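The block underneath contains the structure these notes are about, expressed in structure tokens.
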Amino acid sequence: PPPAAMGVPARVAVSAPGKVILHGEHSVVYGKAALAASLDLRTRVAVERQLPDQGAEPNVHLVLQDFNQHARYSYSDIAELSQQTGVRALLLGSDDSSVLDFTHWLVLELRARGCGVATAGPGGCFALSQLPLLVSGADVVVLVASQALSTYAQTLTACLGEHKCPILVVVPPSSCGAPTAPPEFGEPAAVFPELDETAVDTLHAKVVQRATREPVPSAMYPRGATEPELKAMTELCKTACPDLQSDSPKFAALVSFVFLYSNIATANQGREGVWHRVSSSLPVGAGLGSSAAYCVAMSAGLLYSNGVISKAVSAVAATGQVGLRWAEPWAAELLNAWAFQGERIIHGRPSGIDNTISAFGGALRFFKGRVSEMLRAPQLRMLLVNTRQARVTKVLVSKVRENYEQCPLVVGKILDVMHDIVDDVQAILQQLEAASSAQDKAAIPPLFRRLEYLVGVNQHLLNSVGVGHSRLDKIQSTSEEHGFKAKLTGAGGGGCAWVLVPDDAEPERVAALIKTLEAQDFDVWETAVGGAGGRGWCYGVVVLLRA
């Protein structure tokens, strides 16, 4: 990518939205579906390059304005971290439905081992037309064998021959026993009869072995942090902010930033100081995706300020400010991949839904680690209620995992029912959309009664897997006393809940509920999500015109 100083303003700003998970929190971690919508409470990241004072050393700065926290890092420290980067693999998959899930899983597993992975071809982030650029930066090409591979074998062979890049063929479970790779690509380097992490270790070892160039960071090849890297970054952040507790969310945000900066911001060679100022209207620890919005906005700001992605000319509105979407069709996918790795540092094992909804905006169905469907739905009114009870997502995810491992049959069936609720709710939303479009007013109230029932059921299921809290119980009981249904959103254990407000709800009854909740020391926002054809959904991450 071009240097940041060429064609990119000295000061840029981006903003990314939070999210509301309607249904599917926690079960989504176990491969079940979830429904989520973006929320127009946003996190803003401003990146500014400044020449240092005469005689002063340029540094990298992170300022968390809402917490009055300032961390400063030297370029030499960042450079040492950059030297720990892994090899870069270009993975070519297929749009075959039987291969897509395997390919997505394999990409995440390789990245978790510190390997930079770019995906291209059908089902990948980049188009086949970008193969020459990607291959020139790759150490190894990994081919996922499928019938579709032969359709672009000639183009691939010519491209790979020009750059002399090693090729490793991987056979997915759905293709075992079938010759699905052209013979010119060689014998398979790894065969996966099932999703086996040991086989990934073997493949990763072969990728490292076949790499012929010195590993260097590349923003086009998202990767995860290795344990040695995390240890080094943790020590660096302890030195920068010795007063911070290393298990606090603020400290995790510092480590995540250092990782993203050391891997993405390769254009600035230390001639200028660079400031990253973060502010947000999202409450922290409330289940509204504050950490994901932070990682998405930071990834976007770093990719844009370093010239990897560029803004488009079509303006959209974001919280009353005019912003621009990305020119490159792959930009949102790329920044989302980096944001997910930042989220892994903060939360350990996130599902990926929070960063995805923040990156793309709108509303979506998230299934098996990826967006399976963008939704069309009517506008839904709701009350968003903050318990003011902080909690740590990683702890709650671990609690569900512990319960699942102790009682896999029971908890597994609960997670299956949560998946069924997502399917039912999605079908009801589609029926509501059809009834609204047809102006069939008589059909709407019964559909809302079904939605209310499922909201109540899901809240009880979430309590049963161990993520409830007395403050959430109070919101639920108070809502029911006023004739409404409520459930938590996000990790639970506190955080936020949402209350469904049907179209026929009397304004006086809504006002009475708000008054009662506020008297019980809850924060309450009246809001709405949804809108047919995208009307009403807020946009994902954007570049702000006023930096």
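The analysis underlying the following values was restricted to heavy atoms, covering all of them including side chains, and did not include hydrogens, waters or symmetry mates. Treat the numbers as computed from the prediction; the structure is a model and nothing was measured.
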With no hydrogens and no angle check, is any side-chain donor or acceptor of [X] less than 3.5 Å from a backbone partner on [Y]?
{"X": "Ser248", "Y": "Gln245", "answer": "yes"}
{"X": "Arg111", "Y": "Val117", "answer": "yes"}
{"X": "Lys487", "Y": "Leu22", "answer": "yes"}
{"X": "Arg391", "Y": "Gly492", "answer": "yes"}
{"X": "Ser256", "Y": "Gly342", "answer": "yes"}
{"X": "Arg471", "Y": "Thr387", "answer": "yes"}
{"X": "Asn403", "Y": "Val465", "answer": "yes"}

Taking C-beta and beyond as the side chain, do [X] and [Y] meet within less than 4.5 Å on heavy atoms?
{"X": "Leu35", "Y": "Ile21", "value": "no"}
{"X": "Val45", "Y": "Leu302", "value": "no"}
{"X": "Val60", "Y": "Tyr75", "value": "yes"}
{"X": "Leu500", "Y": "Phe484", "value": "no"}
{"X": "Lys515", "Y": "Gln520", "value": "no"}
{"X": "Asp77", "Y": "Val258", "value": "no"}
{"X": "Cys295", "Y": "Asn355", "value": "no"}
{"X": "Tyr73", "Y": "His61", "value": "no"}

Which heavy atom of [X] sits nearest to which heavy atom of [Y], and what is that distance?
{"X": "Ala13", "Y": "Arg44", "result": "CB-NH2, 3.8 Å"}
{"X": "Ala219", "Y": "Leu334", "result": "O-CD1, 3.5 Å"}
{"X": "Ala331", "Y": "Ile309", "result": "CB-CG2, 3.8 Å"}
{"X": "Lys250", "Y": "Leu244", "result": "CE-CD2, 3.8 Å"}
{"X": "Asn386", "Y": "Cys496", "result": "CA-SG, 3.6 Å"}
{"X": "Lys238", "Y": "Ser246", "result": "CE-CB, 4.0 Å"}

Working to the nearest 0.5 angstrom, can you tell me the gap between [X] [atom1] and [Y] [atom2]?
{"X": "Phe340", "Y": "Leu108", "atom1": "CZ", "atom2": "CG", "answer": "5.5 Å"}
{"X": "Thr527", "Y": "Leu384", "atom1": "OG1", "atom2": "CG", "answer": "7.0 Å"}
{"X": "Leu488", "Y": "Asn463", "atom1": "CG", "atom2": "CG", "answer": "7.5 Å"}
{"X": "Ile414", "Y": "Lys32", "atom1": "CD1", "atom2": "NZ", "answer": "12.0 Å"}
{"X": "Ile78", "Y": "Ser262", "atom1": "CD1", "atom2": "OG", "answer": "6.0 Å"}
{"X": "Gln341", "Y": "Ile346", "atom1": "CD", "atom2": "CD1", "answer": "12.0 Å"}

In terms of side-chain heavy atoms, does [X] have a donor or acceptor partner in [Y] at a distance below 3.5 Å?
{"X": "Glu481", "Y": "Thr478", "value": "no"}
{"X": "His347", "Y": "Ser291", "value": "yes"}
{"X": "Ser74", "Y": "Asn59", "value": "no"}
{"X": "Arg42", "Y": "Ser15", "value": "yes"}

Are there over 12 heavy-atom neighbours, none belonging to [X], within less than 6.0 Å of that residue's [atom1]?
{"X": "Asn68", "atom1": "CG", "value": "no"}
{"X": "Arg72", "atom1": "CZ", "value": "no"}
{"X": "Glu405", "atom1": "CD", "value": "yes"}

Between [Y] and [X], does any NZ, NE, NH1 or NH2 come within less than 4.0 Å of an OD or OE carboxylate oxygen?
{"X": "Lys399", "Y": "Glu402", "answer": "no"}
{"X": "Arg365", "Y": "Asp423", "answer": "yes"}
{"X": "Asp503", "Y": "Arg381", "answer": "no"}

* Verdict with reasoning, Arg113 to Glu109, per salt bridge (charged side-chain N to carboxylate O under 4.0 Å, His left out) -> CA-CA 7 Å; Arg113 289 159 175 76; Glu109 290 293 329; 2.8 Å; yes
* **Verdict with supporting geometry, Leu383 and Val510, side-chain contact (heavy atoms from CB on, under 4.5 Å)** => CA-CA 9 Å; Leu383 301 181; Val510 177; 4.3 Å; yes
* Asked: Could you walk me through whether Arg11 and Glu48 pass the salt bridge (charged side-chain N to carboxylate O under 4.0 Å, His left out) check?
  -> CA-CA 4 Å; Arg11 178 179 171 85; Glu48 184 175 10; 3.1 Å; yes
* **Residues in ring-ring contact (aromatic ring centres under 6.0 Å, His included) contact with Trp330, at least two apart in sequence or another chain** => Phe126
* For Tyr404, enumerate each residue passing the ring-ring contact (aromatic ring centres under 6.0 Å, His included) test, keeping only those at least two apart in sequence or located in another chain. => Tyr30
* Stepwise side-chain hydrogen bond (donor to acceptor under 3.5 Å, both in side chains) check, Thr356 with Asn336 -> CA-CA 6 Å; Thr356 300; Asn336 188 41; 3.3 Å; yes
* To do: Take Glu229 and Thr226 through the test side-chain hydrogen bond (donor to acceptor under 3.5 Å, both in side chains) and record every step on the way to the result.
  => CA-CA 5 Å; Glu229 281 181 290; Thr226 62; 3.1 Å; yes
* So Leu335 and Tyr304, side-chain contact (heavy atoms from CB on, under 4.5 Å) or not? Walk me through it. -> CA-CA 10 Å; Leu335 68 88; Tyr304 176 49; over 6 Å; no
* side-chain contact (heavy atoms from CB on, under 4.5 Å) partner of Val278, the single match among Asp66, Val63, Leu62 -> Leu62
* When the aromatic ring centroids of His276 and Tyr261 are compared, is their separation below 6.0 Å? -> yes
* Check the pair Arg223, Phe259 against side-chain contact (heavy atoms from CB on, under 4.5 Å), reporting the backbone distance first and the verdict last. => CA-CA 10 Å; Arg223 56 183 291 272; Phe259 170 74; 3.8 Å; yes
* Worked check of salt bridge (charged side-chain N to carboxylate O under 4.0 Å, His left out) between Glu25 and Lys19 -> CA-CA 12 Å; Glu25 47 268 277; Lys19 67 88 179 64; over 6 Å; no
* **Row check, Phe522 ring normal vs Arg388 NZ/CZ: under 6.0 Å, within 45°** => no
* **Check against side-chain contact (heavy atoms from CB on, under 4.5 Å), Val20 and Trp498** => CA-CA 8 Å; Val20 173; Trp498 61 274; 4.1 Å; yes
